[in-house]
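This report concerns only the one structure given below.
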Protein chains: 2
Amino acid sequence: MSAMVGRKRGFDRDEVLDQVTRAFWRDGFQATSVADLTGTTGVNPPSLYAAFGDKRALFAEAVARYQATYGAFTARALEEEPTARQAVERILTEAAIEYTTPDRPKGCLILSSPELHDLRDQARQAFEAKIRHDVATGALPAGTDVRRLALFVAATVRGMSSLARDGATREELRDVARTALSAWPAPVA
Amino acid sequence: MSAMVGRKRGFDRDEVLDQVTRAFWRDGFQATSVADLTGTTGVNPPSLYAAFGDKRALFAEAVARYQATYGAFTARALEEEPTARQAVERILTEAAIEYTTPDRPKGCLILSSPELHDLRDQARQAFEAKIRHDVATGALPAGTDVRRLALFVAATVRGMSSLARDGATREELRDVARTALSAWPAPVA
DNA sequence: TCCAATCTGTAACGACCACTACACAACGGC
DNA sequence: GCCGTTGTGTAGTGGTCGTTACAGATTGGA
């Protein structure tokens with residue numbers, strides 16, 4: 001065991017990380033200053049730096065927290081739904097809800113941050129894998145353009161997040177999701 | 001006529017404005033510093049401020065220039081094509097090209113800039129008007145949800161711009177456009 | 001040729017940026 | 001009580017931000 005000696009931290013690390021996550025989510029990495037963060041959290045700079053490291057490390061941890069909480073619904077759907085069609089339907093439906101939840105920043109942190117290109121690429125690869133699996137099992141026609149379909153889903157989710165950031169309502173996003181789903185290829189009955 | 005007296009400007013105002021437009025387009029308003037602009041244009045701060053005003057005014061003029069040139073294809077399609085379907089097909093097809101033109105920033109300046117929410121709303125209203133006209137003339141079914149269809153087009157274009165910024169190819173965007181178009185309601189034959 | 005007007009380059013302004021040195025407060029172990 | 005350790009608050013660091021004061025250069029008009 002470690003020494004566990006010294007003055008105790010005067011704030012809840014998880015709670016502060018959540019406030020930081022929401023700040024980055026709302027305004028982005030660049031537009032959120034450390035002064036903003038110390039203001040909203042009430043934690044002074046030295047304590048913030050001691051607990052999380054510099055601004056980039058804090059952002060990285062905020063993004064990780066976002067993925068594990070607010071943004072986890074996508075990975076959950078891909079894991080739990082049996083077919084790509086069901087997973088995509090659930091993702092788009094839940095995105096309409098998640099992107100417009102009151103008392104939260106609108107849209108998706110990862111889709112809104114230019115610097116998170118790699119995470120977006122991972123998401124697209126996950127879509128591709130799910131669709132490819134359906135083609136392999138015969139749930140989708142053999143000739144299906146896997147990459148194309150994955151890109152269309154990626155584009156739809158990005159479009160929904162962008163509209164949410166501009167103030168689109170939950171119902172409007174749900175309608176966008178339904179319209180997009182009507183472009184999904186007919187299943188092999 | 002004005003006096004036309006005094007030392008002449010030592011740079012081409014239009015050329016400099018184009019360079020500024022591309023800088024804002026590539027990096028956004030916040031991330032592009034005045035020092036960046038003086039660096040890329042070779043124009044010193046006092047000359048830049050004398051010619052364009054402060055940074056916000058310069059950005060506004062760059063956006064206006066973008067709308068009149070690189071981003072004009074959307075308004076052109078809405079004006080020139082007879083039906084909403086044809087206009088949207090042309091917009092999506094040309095967006096795939098415009099958003100991936102070599103030696104240019106990728107994607108759309110207006111869709112990438114959080115501060116241009118009003119211009120995006122104007123674009124959505126223009127889509128709506130075009131679609132509503134088709135419903136009125138019978139080119140689209142009477143029960144068509146105009147707002148819903150316009151939002152879907154807006155979402156698709158935003159998604160394509162976002163994908164382009166992340167490095168999607170022209171062909172990938174074209175495929176996204178085609179997939180989205182397959183969700184368009186059947187015309188009243 | 002001298003003036004008034006306009007533009008240009010240098011060099012700075014105060015404000016904010018991310019970040020930290022330092023002294024002090026609060027803790028567990030002895 | 002005293003010590004070593006760790007967190008906290010104050011008050012700064014050097015650097016970059018958008019912006020401009022100022023002096024010199026260049027122009028057309030008188």
Side-chain angles (χ1 to χ4, degrees), chain A residues 1-65 109 113-116, chain B residues 1-65 109 113-116:
Chain A
M1 295 294 294
S2 63
M4 283 301 295
V5 52
R7 181 171 173 174
K8 288 176 183 170
R9 185 181 285 128
F11 57 92
D12 185 325
R13 195 179 187 279
D14 273 3
E15 184 185 344
V16 165
L17 182 56
D18 184 61
Q19 294 169 332
V20 167
T21 301
R22 286 163 176 262
F24 280 135
W25 186 359
R26 184 161 56 96
D27 300 323
F29 175 75
Q30 307 198 58
T32 305
S33 72
V34 176
D36 291 335
L37 298 176
T38 60
T40 59
T41 62
V43 176
N44 288 325
S47 301
L48 208 57
Y49 278 80
F52 298 103
D54 67 9
K55 192 189 174 189
R56 292 217 81 89
L58 178 51
F59 180 67
E61 198 164 345
V63 170
R65 185 195 159 83
L109 166 63
S113 302
E115 42 278 297
L116 298 181
Chain B
M1 294 293 293
S2 61
M4 283 301 294
V5 51
R7 180 169 175 176
K8 288 176 182 170
R9 184 181 286 129
F11 57 92
D12 185 325
R13 194 178 187 281
D14 274 3
E15 184 183 345
V16 164
L17 182 56
D18 184 61
Q19 294 170 331
V20 166
T21 301
R22 286 162 176 263
F24 280 134
W25 186 1
R26 184 161 56 96
D27 299 325
F29 175 74
Q30 308 198 56
T32 305
S33 71
V34 175
D36 290 336
L37 298 176
T38 61
T40 59
T41 62
V43 177
N44 288 326
S47 302
L48 207 59
Y49 277 80
F52 299 103
D54 67 9
K55 192 190 175 189
R56 293 217 81 89
L58 178 50
F59 179 68
E61 199 163 344
V63 170
R65 185 195 160 83
L109 166 61
S113 302
E115 42 277 300
L116 299 180

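Because the structure is predicted, anything quoted here is derived from the model rather than measured. In what follows, chains are A, B, ... by sequence order, proteins preceding strands, each numbered from 1.
Counting heavy atoms of neighbouring residues, nucleotides and ligands inside a 6.0 Å radius, atom CZ of B:R26 does not exceed 12 of them. Dense packing is recorded around CZ of B:R9, with more than 12 heavy atoms of other residues, nucleotides or ligands lying under 6.0 Å away.
With rounding to whole Å, A:F59 atom CZ is found 13 Å from C:dA18 atom P. Residue A:R9 contributes atom CZ, which lies 7 Å from atom P of D:dT8 at whole-angstrom precision. To the nearest angstrom, P of C:dC27 lies 7 Å from NZ of A:K8. Between the C1' atom of C:dT10 and the CG atom of B:L48 lies a distance of 16 Å, rounded to the nearest Å. What separates CD of B:Q30 from C1' of D:dT16 is a distance of 15 Å, to the nearest Å. When rounded to the nearest whole Å, the span between NZ of A:K55 and P of D:dG15 equals 19 Å. Taking atom CG of B:D12 as the reference point, atom C1' of C:dC7 lies 16 Å away to the nearest angstrom. When the C1' atom of D:dT6 is taken as reference, atom CZ of A:F11 falls 12 Å away, rounded to whole Å.
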Please produce a list of atom pairs where a protein N or O lies less than 3.5 Å from an N or O of nucleotides 20-22 of chain D.
none

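Listed for the A:D18 side chain is no donor-acceptor partner under 3.5 Å among the backbone atoms of A:E15. Within the 3.5 Å criterion, the main-chain N or O of B:D14 finds a donor-acceptor partner in the side chain of B:D12. For A:T41 (side chain) and A:V43 (main-chain N/O), a donor-acceptor pair under 3.5 Å exists by modelled atom type.
At the heavy-atom level, B:V34 lies under 4.0 Å from base atoms of the strands shown. Among the heavy atoms of the strands lying under 4.0 Å from B:T32 are primed sugar atoms or P, OP1, OP2 only; no base atom is included.
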Donor-acceptor contacts, no H, no angles, side chain residues 49-60 of chain A, under 3.5 Å, sequence neighbours left out:
unit_1	atom_1	unit_2	atom_2	d
A:D54	OD1	A:R56	N	3.3
A:D54	OD1	A:A57	N	3.0
A:K55	NZ	A:F29	O	2.9
A:K55	NZ	A:T32	O	2.9

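An OP1 or OP2 oxygen of D:dG9 is reached within less than 4.0 angstrom by a side-chain nitrogen or oxygen of A:N44. Between B:S47 and C:dT8 there is a side-chain polar atom (N or O) within less than 4.0 angstrom of OP1 or OP2.
Mapping A:V43 and B:R56 onto DNA chain D via the closest heavy atom, the residue that lands nearer the 5' end is A:V43. Of the two residues near DNA chain C, B:R7 and A:S33, the one whose nearest nucleotide lies more 5' is B:R7.
Checked by atom type, the side-chain pair A:D36/A:S33 shows a donor-acceptor distance below 3.5 Å.
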